[in-house]
Colleague: 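This is the structure I have questions about; it appears just below.
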Amino acid sequence: MTTTPLLALRGICKRFGALHALTRVELEINAGEVVALVGDNGAGKTTLVKVITGAGPADEGVIEWNGRPVRIARPRDAQSLGIASVYQELALCESLDVVGNLFLGHEICRAGVLDEVAMERRARELDLLDVLSVRIPRTRVPVASLSAGQRQAVAIARALLSEPKILILDEPTAALGVGQTAHFLDLIERLREHSLGVLLISHNLGDVKAVADQVAVLRLGRNNGFFDVLTTSQEQIVSSITGATDNAVTHRKTRPWEATR
Amino acid sequence: MTGTEASGDIDRNRAGVVTGRPSARDPRIGDRPPGLKGHASDFVLRLRSGELGWVPGVCAVIVIWTTFQLLDHHFLSPRNLSNLSVDIVGTGLIAVGLVFVLLLGEIDLSVGAVSGLAAAVFAVLNVNSGMPEWLAVATAALVGAGIGALQGFFFARIGVPAFVVTLAGLLVWNGLMLYVLGANGTINLHANGLVSVLTERYFHNRAVAYGLAAVGAAAYFLASYHDERRRRAARVSSRSLGEIAVRTGAVAVIGFAAAYVLNRFEGLPLALLIFLVSVVGLDFVLRRTRYGRKIFAIGGGAEAARLAGVNVVWIRVSAFAVSGTLAAFGGLFLASRVASVGQTSGSTNLLIDAIAAAVIGGVSLFGGRGTPWSALLGVLVVQSIASGMVLIGVQTSVQSMITGGVLLAAVVLDSLSRHSRKSHGVVL
């Protein structure tokens with residue numbers, strides 16, 4: 001932990017009226033590292049994702065990018081930093097076809113005119129639609145007619161198309177079948193090899209154990225432990241999620257980077 | 001987790017059924033049966049899954065024209081059709097503007113009132129105050145744009161539902177129009193003024209109408225051919241040359257038939273030319289620019305578009321501004337048609353006609369579907385009904401009921417096709 005993290009959240013607070021959705025949450029993601037964010041329903045995982053992606057900016061706290069504090073007030077701010085995300089839902093525009101969705105927000109233009117041919121060719125060249133080995137019938141069908149797994153593939157392909165430095169995946173495997181999930185986990189490992197930082201939000205601890213390096217647990221809007229996947233048992237993580245272990249040991253592990261300072 | 005895993009596989013199977021492709025062929029990108037056959041199978045597939053597009057509109061035109069022609073053989077006379085082609089322009093421009101708002105999945109109920117107000121502003125400034133015509137036209141357009149932007153602001157920024165904002169607008173702008181017109185109530189436009197000429201000028205030279213048809217067909221062919229060559233070079237899905245030829249042929253037949261009919265009366269009307277140019281231009285904006293792409297995106301999922309970095313507020317405000325501007329121009333054409341602006345300008349009937357036109361032509365009230373061409377097709381249906389009913393002497397009360405019924409039928413069709421898309425795995 002001696003290098004500067006790619007993305008660091010310090011003391012993030014977010015309120016919805018009287019509800020303290022996030023309280024002084026800390027998180028770090030390094031390049032080439034897969035961090036899993038786990039927690040019970042309503043623990044604040046999606047809220048935290050929205051803070052990072054600019055969809056729902058934080059009320060308090062600092063976001064650091066390569067050690068420099070940055071402001072992420074809008075989705076565009078996050079995109080220009082190099083943060084791409086795949087949301088649990090609401091990820092695609094139903095009325096656009098696959099190519100339209102892939103390039104939404106960064107369309108390829110020629111003299112101010114959308115260059116459909118270039119976009120379609122690029123989508124094909126990069127073979128993005130093969131990422132999950134999901135069969136997409138044609139790039140020109142509206143995404144509304146795709147299955148959940150196919151939509152997920154399109155959403156992930158779109159996130160990768162912008163060549164991000166950090167990829168945030170919110171419940172990516174929920175809609176996928178067995179084979180697709182396996183492909184997906186392979187994909188995450190490939191991304192890590194390409195030194196992307198990945199933040200994986202998942203309910204499935206099996207997936208988390210399979211690919212993540214670090215696990216950050218959120219409980220009731222607060223950090224409830226950081227674990228090294230290799231040295232931590234699944235039971236430990238589960239008890240941290242459910243709040244069974246709120247003890248000195250987890251607190252000691254809470255801020256590993258502070259110990260090195 | 002077994003539940004979700006199983007459903008993933010079912011989803012995959014269902015996708016195969018939806019696309020209706022034999023499993024032996026690889027159904028991935030860029031793949032589709034070649035040539036006309038592929039196009040036909042595509043077409044049937046889309047119809048079955050509820051993507052009706054222009055089909056109901058074209059059927060309606062055929063049925064309506066046949067019916068009225070049987071009832072009164074003057075209906076399809078060059079004179080009547082030529083008048084029809086001028087009559088559609090005012091309402092048509094309003095409907096085209098409305099398409100921008102409908103694509104967002106919203107509605108603008110104020111377009112009729114705005115068109116009346118803009119016409120009144122023009123008439124008062126030009127006729128009563130003696131302002132130069134071009135300046136008065138520009139002011140009227142700005143009034144429309146400003147009103148649209150204001151309503152858009154209330155909707156997009158403050159969060160008031162669009163239908164409430166524009167319903168309030170309907171009352172306010174109609175009231176303002178009456179106020180602006182003052183005690184006299186009716187203002188006659190200058191007989192040879194710019195606005196009067198809009199619907200009175202015809203290109204008597206036959207070459208103009210035929211030339212336009214030829215240029216249109218040639219431009220369509222060249223654009224398609226160029227696109228197709230690039231596609232082939234890039235090895236992405238492309239149309240066959242035969243398909244392009246058939247499509248160009250259809251465009252040419254319609255164009256030359258229209259030109260022939262128009263030339264048998266007074267020639268190509270200036271108003272129709274302006275309308276066609278507007279439709280082509282706005283269709284280009286909607287389908288071939290980033291701005292248009294964003295409008296479609298918001299119509300199919302505003303939150304998804306926002307997360308993709310689209311400035312949803314700005315796009316929404318601008319779409320309402322476009323709607324207001326085109327309503328203003330539509331109002332000027334309507335005023336030009338009767339050579340005056342009066343207290344009945346911009347009536348509710350106009351609003352209903354404009355909405356009906358857009359929806360009949362295939363614009364979905366649920367957002368994300370439709371083009372300016374839909375508005376053109378729809379307004380042709382609506383005006384054909386109106387013109388035919390006048391011709392055979394149907395009472396105004398009955399006309400009103402019939403127009404209402406047609407609107408309901410169009411909306412029912414829209415809802416049913418949406419339902420069908422849903423049952424085909426389309427969750428729009």
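Per chain, numbering begins at 1; letters A, B, ... match sequence-line order. Values below: all heavy atoms of this structure, side chains included; hydrogens, waters and symmetry mates excluded.
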Colleague: Check A:Pro75 against B:Leu307 and note the closest heavy-atom contact, atom names and distance.
Modeller: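 It is CB-O, 3.7 Å.
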Colleague: Heavy-atom pairs under 4.5 Å with chain B - which of A:Cys109, A:Gly206, A:Gly105 has more of them than the others?
Modeller: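 Looking at each of A:Cys109, A:Gly206, A:Gly105 in turn, A:Cys109 comes out on top.
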Colleague: Under 3.5 Å, side chain of B:Arg306 to main-chain N/O of A:Ala55, donor-acceptor pair present?
Modeller: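 Flag set: sc B:Arg306 to bb A:Ala55 pair under 3.5 Å.
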Colleague: About how many Å separate CZ of B:Phe296 and CG of A:Leu104, when rounded to the nearest 0.5 Å?
Modeller: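 So the CG of A:Leu104 and the CZ of B:Phe296 are separated by 13.0 Å.
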Colleague: Could you check which of B:Ala302, B:Ala308, B:Gly301, B:Ser364 has the highest count of heavy-atom pairs closer than 4.5 Å to chain A?
Modeller: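 Looking at each option in turn, the highest pair count goes to B:Ala308.
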Colleague: With no hydrogens and no angle check, is any side-chain donor or acceptor of B:Arg288 less than 3.5 Å from a backbone partner on A:Val113?
Modeller: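 Pair absent, no side-chain N/O of B:Arg288 close to backbone of A:Val113.
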Colleague: Has B:Tyr225 got more than 12 heavy atoms of other residues, nucleotides or ligands less than 6.0 Å from its OH?
Modeller: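 Counting other residues, nucleotides and ligands, OH of B:Tyr225 stays at 12 neighbours or fewer.
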Colleague: Considering only heavy atoms, which portion of A:Asp115 lies under 4.5 Å from any heavy atom of chain B: side chain, backbone, both, or neither?
Modeller: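 The side chain, not the backbone.
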Colleague: Between B:Arg290, B:Arg293, B:Lys294, which is the residue that forms a salt bridge (Lys or Arg N to Asp or Glu O under 4.0 Å) with A:Glu107?
Modeller: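 With A:Glu107 as partner, B:Arg290, B:Arg293, B:Lys294 yield a single salt bridge (Lys or Arg N to Asp or Glu O under 4.0 Å), made by B:Arg290.
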Colleague: Roughly how far, to the nearest 0.5 Å, is CG of B:Leu104 from OG of A:Ser95?
Modeller: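 Answer for the OG-CG pair, A:Ser95 versus B:Leu104, is 10.0 Å.
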Colleague: How far does OH of B:Tyr291 sit from CG of A:Leu114, to the nearest 0.5 angstrom?
Modeller: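 Here the interatomic distance stands at 13.5 Å.
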Colleague: Are A:Glu116 and B:Arg231 close enough for a salt bridge, meaning some N to O gap below 4.0 Å?
Modeller: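 No.
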Colleague: For B:Gly309 and A:Gln79, work out which heavy atoms get closest and say how close.
Modeller: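 Minimum heavy-atom separation between B:Gly309 and A:Gln79: N-NE2, 3.6 Å.
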Colleague: So does A:Lys165 have more than 12 non-hydrogen atoms from other groups sitting under 6.0 Å from NZ?
Modeller: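 Result for NZ/A:Lys165: open.
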